[in-house]
Amino acid sequence: MSAVIAPTAPEKMKKSHLLMVIVGIALLLLFPVGIDNPYYIHLLETIMIYAIVLFGLDIVVGYTGQVSLGHAGLFGLGAYTAGVLVFKLAAPFWITVPAAILLTAGFGALLALPALRVSGPYLAMVTLAFGTIIQILINEMSFLTEGPMGIKLEKPALFGHKLDEREFYWVVVVLMVLALVVVHRILRSHLGRAFEALRGSPVASDCMGVSVYRYKVYAFVISAGFAGLAGSLYAYSEQYISPNSYNFELTVLFLLAVIMGGRKSRIGSMLGAAIIVLLPKLLDDVVMFRYVSVGLAVLVIVTAVVAIQRQRATPSQMAIPVVGSIALAGLAFWLETMTDWRLSIFGVIMLFVVYYLQDGIVGFVRTAFNIRKPKLQVADITDSNVRSDAVSVAADAGGSDEVLKATGVLMQFGGLKALNNVDLSIRRGTIHGLIGPNGSGKSTMMNVLTGIYTPTAGALTFAGRSLVGRTSSDIALSGIARTFQNVQLFGEMTALQNVQVGLHHTFDSNLLDVSLHTPRYRRERDAAAQRALNLLRFVGLQELATEEARNLPYGKQRLLEIARALALDPQLLLLDEPAAGLTAPDIKELVAIIRKIREHGVTVILIEHHMDMVMSMCDTVSVLDFGQKIAEGEPAKVQADEKVIEAYLGGTAT
Ligand code: ADP
Ligand code: MG
């Protein structure tokens, strides 16, 4: 299980990957040479065009975890941008396609800005309404779009040469491969990590300086751009566009395709596209359907037998899919024609796949064959260039002795005063303890300091600037990092990636840098990867760099949160009960790490219930009780305070 940071193994995997990709592209390019039936060429072309939409949709659905029911509308917008530009202005291909991408991306922003203030079912409704409005507008704006009549157009010309079916197919192959490369690079970059982080834990993203709102909008904009590209190609591919093609059914199909193929996977997107294009065709006539259903039944039975043998599933779990697929095959032989049944059967198959393969086909294959995701990045870091300067502190703006000052902070939840007129003064370079019984307002104080709550009244100054009313990500970037009482890691991301999210602020690269892998981006990427590994080493987690955060033991998760927080180069580090749930040896390790952090000049606020830890480490201790500060001073003095003993320490102080 232990992750070995060896430079050789992943590179081998990279090579085999590359070979697969090259063979795949070669096959795609050669397809129309071998098979010159235009029907099949067109079918494959449609799959590739849908795949481009799904690459983009996967950013929103798979990575940021949002739902969009507006993508058919965006796809239609791309198609109509190209169609109208050709019809009205006879614009050439190299103008219509970029125009479609830009316009659709713009509409993506328009959709995202208001829609992302809401989430869950509301977001689904807003995106659905958006898609519907686009369809209605296309229908109504006949002066531009020819309304329900639709627009006819021909295959485009390139360099003065009008493309035929086959040549246009090659253009689509090239553009799909380009889209694949670009989307892959985006998702592997700091941008992709930001998208994934906000799904894993929005609160933690914001507190790592990655604005959840901004990156949700980015995700929609980029995603819409891909839908626009696909739409424009679709217009040329079909040579006819009409408003009804971009309806609700298509939007649902797109969503299903992403989930069925397997989210967070480009292969999954391509598979999903193939399924939604081919499955309806396969259900066209009853003979074909018989083949499909028997094939499916055999596949399900074999899988079930293997799964039960390997004890991955119980017979009762497998009963329904086995019986269901046999029943479907039976139905296929009982039916005489498909016409009335097509849609229902299509729906049942979809439901089946979504219900039983929640990680999609790619996820299923990965589990079945125990394929793990390639471990990149770490491979590029050799031991020789790992240096010890993992922890650094951003230059302090104020320069005064006092890092943080809170005066008269009031935080009211309804009638409850979780913080009541609290003053705090934190001196630079100290460890400041914050103790008090459960519910006394300690975590609330952290949440107020990091912008998660806005205080009802009172003032907060950090490094000479007020904190009140600023966003969490802004506060984080100005130098306050934190951990959480309930660990908030990005569960599906590796330990290394978690820390890299904290290093997001070290990137200046934009979308273009990321897509082209410019020297600037490569420099920033390598520096961040190295820094992240150094930080993991700092907390003793380098061996677990490629392990998913959710699989780490609890104690390690807490350490990982500290490493991630340090990536912000904070002046002030807030630790909310870092020792809770840790074993004695883990606590010892933690104490050593916190001491090292302080030695690097980082100021620490420590909330803890382990009194020996607080008493031995802290320079100053403040005690809260029912939201009020009841004592403050050196640990020994506080420990002897009557009020503190009564409220909190009780027996332990005697
Ligand atoms: P501590 O961390 O010291 O154990 P907290 O700061 O978590 O305590 O909580 C202080 C009080 O504020 C508790 O009574 C808690 O129920 C209340 N509280 C905290 N957050 C909220 C919230 N978002 N809404 C309502 N009450 C809250
Ligand atoms: Mg708490």
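We count ligands from 1, going down the list as the structure has it; atoms in each ligand are counted the same way. These figures come from a predicted structure and were not determined experimentally.
Distance check for atom 2 (O) of ligand 1: a protein heavy atom is found below 4.0 Å.
At least one N, O or S atom of Q485, from either the backbone or the side chain, sits less than 2.8 Å from the Mg ion (ligand 2). At least one N, O or S atom of S443, from either the backbone or the side chain, sits less than 2.8 Å from the Mg ion (ligand 2).
Comment: D625 does not engage K442 in a salt bridge, judged by the lack of any side-chain N to carboxylate O separation of less than 4.0 angstrom. With salt bridges taken as basic N to acidic carboxylate O contacts below 4.0 Å, none links K637 and E642.
Protein heavy atom nearest atom 20 (N) of ligand 1, with residue, atom name and distance: Y453 OH, 3.3 Å. Here the heavy atom of the protein found nearest to atom 6 (O) of ligand 1 is T444 OG1, 2.5 Å. Looking from atom 12 (O) of ligand 1 to the surrounding protein, the closest heavy atom is A418 CB, 3.3 Å.
Stacking of K596 on the aromatic ring of F538 is recorded, both the 6.0 Å distance cut-off and the 45° axial limit being met. Both tests do not hold together for R465 against F462: distance to the six-membered ring centre under 6.0 Å, angle to the ring axis within 45°.
For E548 and T494, the side-chain atoms include no donor-acceptor pair closer than 3.5 Å. Using modelled atom types, one finds no donor on one side chain facing an acceptor on the other under 3.5 Å when comparing T456 with Q412.
Some N or O of G439 is nearer than 3.5 Å to an N or O of ligand 1, by distance alone. Checking only distances, F413 never comes within under 3.5 Å of ligand 1, N or O to N or O.
Using a 4.0 Å cut-off to heavy atoms of N438, the atoms of ligand 1 that qualify are 4 (O). Close approach of ligand 1 to S443 is summarised as follows: ligand atoms under 4.0 Å from at least one heavy atom of the residue are 1 (P), 2 (O), 6 (O), 7 (O).
Heavy atoms of L416 found under 4.0 angstrom from ligand 1 belong exclusively to the side chain.
Shown are L467, L460, T603, L574; of these, the side chain to side chain contact (heavy atoms under 4.5 Å, CB included) with L404 is made only by L467.
Under a 4.0 angstrom heavy-atom cut-off, S440 registers as being in contact with ligand 1.
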Inset, instruction - Would you please test R185 and D513 for salt bridge (charged side-chain N to carboxylate O under 4.0 Å, His left out) and show each step? - result: CA-CA 10 Å; R185 286 183 167 185; D513 291 307; over 6 Å; no
